[in-house]
Amino acid sequence: MSSSAGQPQFRYAYPPSKVLHLRNLPWECTHEELVELCKPFGRVVNSKCNVGSNRNQAFVEFEDLNQAISMVSYYASSSEPAQIRGKTVYLQYSNRQEVVNNKSSGDVASNVLLVTFEGVEAGDVSIDVLHLVFSAFGFVHKIATFEKTAGFQALVQFSDPDTAASARTALDGRSIPSYLLPEHVKSCHLHISFSAHVDLTVKFQSHRSRDYTNPHLPVAASAMDSSSQFALGPDGKKKEPESNVLLASIENMQYEVTIDVLHTIFSAFGTVEKIAMFEKNAGLQALIQFSDVSNAVTAKGALEGHCIYEGGFCKLHLAYSRHTDLIVKANNDRSRDYTNLNLGFYQSQPSVLSPQQLPGAQMGPTQPVDNSFSAPASGIGLPQQQGWETPSPPPVGGHVSNLAYRPPYTHPETLASSGTAPSYQSFTSYNPGPPVDPSRTAFPGQRVDTSYQYGQSPLNPNFQLYSGHQYQPSYPSGPGILPPNSGPAAYM
DNA sequence: AGCACA
């Protein structure tokens with residue numbers, strides 16, 4: 001019996017399936033492009049590209065049949081055809097019920113993540129920002145960025161698949177907080193899957209690749225002159241000599257910016273040794289001293305032109321200072337020497353260590369440890385309450401030694417597993433003592449990004465970093481926002 | 001432009 005029914009030739013030849021067959025695809029169409037097209041209708045759990053003799057067909061599998069139906073129905077009645085790269089794509093239900101084979105959209109756990117950035121150009125997300133974001137979940141070994149047809153992508157290598165999985169779970173679909181992005185970028189959603197790689201080969205430290213396990217790796221010449229990845233702001237000039245001390249000017253200061261806020265922000269990029277704040281030209285300025293020039297460079301690149309608070313408030317402008325070592329005579333709310341906490345109002349405390357034991361000699365090998373990120377990562381979206389409201393208590397014996405010795409990265413599993421918020425105590429025992437512990441650096445009423453500090457990355461759709469509605473200013477905006485007891489700057 | 005060789 002030949003084609004009396006004659007159906008299989010036509011458009012809706014097959015009954016609905018959560019697998020769609022797509023054809024007339026552009027050359028070397030990627031999984032990411034397919035997902036981009038299908039995403040409005042549901043979640044693509046698997047795909048296979050480059051199918052057929054012309055390699056221009058593909059299969060996508062939705063997690064749910066209704067999602068596939070909605071996509072087919074939509075394009076059946078749409079005046080605009082489905083398109084990829086401007087090319088019309090024809091789609092129909094597949095005669096299969098699941099996509100076989102292929103890189104299962106990266107569901108095989110790996111210690112390396114493939115990150116696709118949505119809505120940004122290659123230069124918009126610096127490798128330092130990536131490092132910052134992913135370090136919230138564990139020690140990042142290597143990062144490599146590249147551009148393909150799917151857009152700007154990165155491979156981020158962790159030590160083990162579990163750590164990578166926690167980062168993926170937490171960040172997939174989230175957006176990088178705007179204060180880490182150039183102003184023209186509205187949002188930068190992340191799509192994360194597991195890579196097939198296990199160990200990236202990074203030959204140079206450059207603007208597109210880093211190996212954080214090997215600080216002695218040569219720096220690529222190409223990275224030297226292309227300072228563009230750091231210059232997120234409009235200033236393309238790199239005339240001023242680099243320094244370990246940054247001069248920060250704060251523009252549009254509607255909210256209080258305390259020394260603790262600055263410490264929290266800048267500590268994400270390395271060890272902050274000293275901070276001094278002062279008034280200049282009716283504005284607030286601060287000198288932030290890092291232990292290392294490279295930390296200052298990274299911080300400058302990542303933060304220049306960004307606002308501390310949502311809404312364009314407290315915009316940072318950073319320049320290299322000519323200072324290399326600030327002289328802080330007292331620890332107060334305008335100046336702080338984090339390498340010598342026995343100054344100023346800490347002086348009443350008995351000094352537990354002799355001067356020889358103070359930092360410097362004992363500072364372990366300078367490695368890119370973000371003290372703010374060495375903290376345990378717990379579940380995303382936990383209330384940001386644990387401990388930060390605690391007023392900075394006077395230091396107790398032993399805290400100085402914690403400052404002097406900063407342990408290498410400790411895996412988050414050691415503290416926070418099973419999604420329970422680490423208690424303040426547990427954190428304290430892990431990394432005790434102010435002000436090494438960033439939780440102690442916040443004043444009451446001074447909302448600091450603790451969730452970020454604790455490895456609860458802010459990349460949460462509902463997370464508003466330093467947003468106005470979360471922020472409870474201690475003082476009304478206006479000229480009187482600074483604490484009344486802000487004495488004269490004690491640095492020189 | 002019409003259904004996949006790990």
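Since this is a predicted model, take the numbers as computed values, not measurements. Reckoned from all heavy atoms, side chains included, excluding hydrogens, waters and symmetry mates. Letters go in sequence order (proteins before strands), and every chain restarts at 1.
Following rounding to the nearest Å, A:Gln92 (CD) and B:dA1 (P) show an atom-to-atom distance of 14 Å. Atom pair A:Leu22:CG and B:dA1:C1' shows a separation of 12 Å (rounding to whole Å applied). Summarising the geometry, the separation between OH on A:Tyr93 and C1' on B:dG2 is reported as 17 Å, rounded to the nearest angstrom.
Side chain to side chain, A:His317 and A:Glu251 meet the donor-acceptor criterion of an N or O pair below 3.5 Å.
Within the 4.0 Å cut-off from OP1 or OP2 of B:dA4, not a single side-chain nitrogen or oxygen of A:Gln57 is found.
The aromatic ring centroids of A:Phe117 and A:Phe152 lie less than 6.0 Å from each other. For A:His263 and A:Tyr338, the ring centers sit closer than 6.0 Å to each other. Aromatic ring centroids of A:Tyr75 and A:Phe41 lie under 6.0 Å apart.
With DNA chain B read from its 5' end, the first of the two nearest nucleotides for A:Lys87 and A:Arg96 is the one closest to A:Lys87.
The side chain of A:Val99 sits closest to B:dA4 out of B:dC3, B:dA1, B:dA4. The side chain of A:Phe59 has B:dC3 as its nearest neighbour among B:dC3, B:dG2, B:dA1. Distance from the side chain of A:Val51 is smallest to B:dA4 among B:dC3, B:dA1, B:dA4. In the set B:dA4, B:dG2, B:dA1, the nucleotide with an atom closest to the side chain of A:Asn24 is B:dA1.
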